[in-house]
Amino acid sequence: MSVDERIERAAQILAASRHAVALTGAGHSTPSGIPDFRSPQSGLWEQADPMVVASIYGFRRDPQAFYDWIRPLARLMMEAQPNPGHHALATLEDLGVIRAVITQNIDELHHKAGSRRVLELHGSVRQATCTRCGRQVPSAEMWPAFVASGELPHCATCSGLLKPDVVLFGEMLPTGVLFEAQREADTCDAMVVAGSSLEVYPAAELPERAVRHGAQIILVNYEPTYMDDRAVVVIHDNVAVILPQIAARVQAMKGVA
Ligand SMILES: [Zn+2]
């Protein structure tokens, strides 16, 4: 099948589905300029061992090292804009096709693109929690101040250290969000896996659950994944190029101009 034929097939599956969901990973945000920060190739790890600096133990022992590491990433996330792939998923939600976007990303780009139901498995940079009094605060002001000064962000109430609400190595995933994502995987009839190499668990097992319950998998990712054999449509390309074409075809099939 040519790429055009595969795009057409993906659109047919989505247009006919009653309950589709999307699962996105780091590759969904790289066209927006955000590196895959779990990857050794990202350049973010030259000075640091991720299992130490970006772990909850590392954060407790040496928060300055954690914040020094995350500073360039935080700057990129502040400036990043959603790419056409994000907008395509928001369009598919508007069409009533996609019911939820499950994401491994913490960068908020799905929200910025207008997606309404976003299940953030690894948390997000939108909020932070005080490590002393437990108060949860929006981090819209924290990041610009921190990126500018490099000084550790503190709680306005008790001066305790703030920790971003992102899941660090060694931390549990937010249970409620994970259960919701698993329920989506169990009940969907189509799943678009976009920009995830399916190497980080438990997100990686969600397509497997979906297939077990009869869903059809559409996979758009540069690299092959362990699910390639079981997906109905596989396109090894850029999500920012492919997803808008799929969304446009679904729109046409649904008679939306
Ligand atoms: Zn506090």
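Just so it is clear, the model here is predicted, and its values are computed rather than measured. Order of appearance sets the numbers: ligands from 1, and atoms from 1 within every ligand.
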Legend entry - Side-chain donor-acceptor contact under 3.5 Å, T24 with T103: yes

Legend entry - Neighbouring protein N, O or S atoms of the Zn ion (ligand 1), below 2.8 Å: 4

Legend entry - Side-chain (S139) to main-chain (M142) donor-acceptor, under 3.5 angstrom: no

Legend entry - Full working for salt bridge (charged side-chain N to carboxylate O under 4.0 Å, His left out) between R99 and E184: CA-CA 9 Å; R99 306 290 184 87; E184 289 296 329; over 6 Å; no

Inset, instruction - Measure from the side-chain N and O atoms of D189 to the backbone N and O of H19, and report whether any donor-acceptor pair falls under 3.5 Å. - result: yes

Inset, instruction - Indicate the ring-plane relationship of F146 and W143, choosing parallel, tilted or perpendicular according to the 30° and 60° boundaries. - result: perpendicular

Inset, instruction - Indicate the atoms forming the closest heavy-atom contact of H86 with S29, along with that distance. - result: NE2-OG, 4.0 Å

